[in-house]
Amino acid sequence: MAKEFSRAQRVAQQLQKELASILQRDVRDSRIGMVTISDVEVTRDLAYAKVFVTFFCIGEQTPESCLEALKEHEVSIRMALGKRVRLRLTPEVRFVYDNTLTEGMRLSNLVSEVVSDDNRRKKDAGRDEDEGEE
């Protein structure tokens with residue numbers, strides 16, 4: 001019987017929980033703002049962890065500036081992670097901005113725009129929406 005989750009996946013899940021706690025409680029930097037960890041990918045040898053983050057930017061903050069501020073704390077975050085998670089080797093943490101949320105919103109807006117434009121064209125042509133369904 002095959003394992004449902006690999007060790008790397010289980011470690012990634014644990015790292016996501018611990019990193020969220022570390023970012024919430026230990027990292028005090030006003031440049032970062034609110035951070036959400038959307039996913040963690042760990043290499044099979046557990047040496048590297050790619051952490052996908054999104055930001056809720058306030059004021060003049062941009063995702064790029066928040067990511068740069070977060071990258072300055074990579075070493076201290078890895079040290080805190082090593083104290084919380086018992087592994088032979090604490091993975092090297094790399095933060096990556098996750099743009100899937102903003103890309104999804106952009107695509108959703110495009111679809112909504114096309115649908116409303118299509119409805120407007122139907123109305124301008126004198127056809128009702130009910131006529132095409134008969």
Side-chain angles (χ1 to χ4, degrees):
M1 187 169 114
K3 292 183 183 178
E4 190 170 333
F5 296 105
S6 69
R7 182 161 192 257
Q9 289 173 324
R10 292 191 310 267
V11 169
Q13 187 177 16
Q14 184 65 31
L15 290 179
Q16 184 172 355
K17 284 175 33 180
E18 295 299 333
L19 284 168
S21 177
I22 289 169
L23 289 174
Q24 184 179 17
R25 295 189 180 117
D26 298 343
V27 177
R28 300 282 181 219
D29 193 340
S30 61
R31 298 175 299 158
I32 295 174
M34 291 178 50
V35 182
T36 302
I37 299 175
S38 56
D39 193 23
V40 175
E41 292 179 358
V42 180
T43 57
R44 284 184 49 162
D45 62 355
L46 306 179
Y48 298 94
K50 188 186 290 187
V51 182
F52 295 92
V53 293
T54 57
F55 300 99
F56 180 70
C57 298
I58 302 168
E60 296 181 9
Q61 292 176 336
T62 64
E64 293 80 18
S65 66
C66 293
L67 185 62
E68 286 301 317
L70 189 58
K71 285 184 177 184
E72 291 177 13
H73 294 280
E74 281 180 348
V75 174
S76 61
I77 290 171
R78 183 179 183 197
M79 288 174 55
L81 191 61
K83 292 176 184 174
R84 291 181 181 214
V85 179
R86 295 287 174 214
L87 293 171
R88 183 177 297 160
L89 177 70
T90 303
E92 189 174 319
V93 179
R94 295 285 183 220
F95 291 102
V96 178
Y97 179 66
D98 186 10
N99 66 349
T100 55
L101 182 64
T102 55
E103 191 65 19
M105 288 174 56
R106 186 184 72 82
L107 289 174
S108 178
N109 288 339
L110 285 173
V111 169
S112 297
E113 187 178 307
V114 167
V115 168
S116 65
D117 188 46
D118 191 40
N119 288 337
R120 183 186 51 78
R121 286 183 182 181
K122 281 182 182 178
K123 197 173 198 179
D124 289 346
R127 294 189 321 180
D128 288 353
E129 292 180 22
D130 296 335
E131 289 178 11
E133 295 177 4
E134 291 180 22

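Just so you know, these numbers come straight off a predicted model, no measurement behind them. Sequence positions, counted from 1, serve as the residue numbers for this chain.
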Any chance you could pull the hydrophobic cluster mates of Val114, using side-chain heavy atoms under 4.5 angstrom and chaining through other members? none
Name all residues meeting the side-chain contact (heavy atoms from CB on, under 4.5 Å) criterion together with [X]; count only those two or more places apart in sequence or in a different chain, and write none if there are none.
| X | answer |
| --- | --- |
| Arg120 | Asp117, Asp124 |
| Gln9 | Phe5, Ser6 |
| Ser116 | none |
| Ser38 | Phe52, Asp98 |

With sequence neighbours left out, write down each residue that passes side chain to side chain donor-acceptor pair (under 3.5 Å) with Gln14, or none if nothing qualifies. Glu18
For residues 40-49, tabulate all N or O donor-acceptor pairs below 3.5 Å that involve a side-chain atom, not counting sequence neighbours.
from, atom 1, to, atom 2, distance (Å)
Thr43, OG1, Asp45, OD1, 2.6
Thr43, OG1, Ala47, N, 3.3
Thr43, OG1, Tyr48, N, 3.3
Asp45, OD1, Ala47, N, 3.2

Taking every non-hydrogen atom, the tightest pair across Val96 and Lys50: CG2-CG, 3.6 Å
Over all heavy atoms of both residues, which pair between Phe55 and Ile32 is shortest? Give the atoms and the distance, please. CD2-O, 3.8 Å
Of all residues at least two apart in sequence or in a different chain, which pass the salt bridge (charged side-chain N to carboxylate O under 4.0 Å, His left out) check with [X]?
| X | result |
| --- | --- |
| Glu92 | Arg94 |
| Asp118 | none |
| Glu72 | Arg31 |

Value rounded to 0.5 Å, distance of CG in Leu23 from OG1 in Thr36: 10.0 Å
Mind checking the CG-OH spacing from Leu70 to Tyr97? Nearest 0.5 Å is all I need. 13.0 Å
For residues 77-87, which side-chain donor-acceptor pairs fall under 3.5 Å, sequence neighbours excluded?
from, atom 1, to, atom 2, distance (Å)
Arg78, NE, Thr90, O, 3.2
Arg78, NE, Pro91, O, 3.3
Arg78, NH2, Thr90, O, 2.7
Arg84, NH1, Ser21, OG, 2.8
Arg84, NH2, Asp26, OD2, 3.3

I'd like a table of donor-acceptor pairs (distance under 3.5 Å, sequence neighbours excluded) in which one partner is a side-chain atom from residues 104-112, with atom names and distances.
from, atom 1, to, atom 2, distance (Å)
Arg106, NE, Glu103, OE2, 3.3
Arg106, NH2, Glu103, OE2, 2.7
Asn109, ND2, Met105, O, 3.4
Ser112, OG, Ser108, O, 3.1

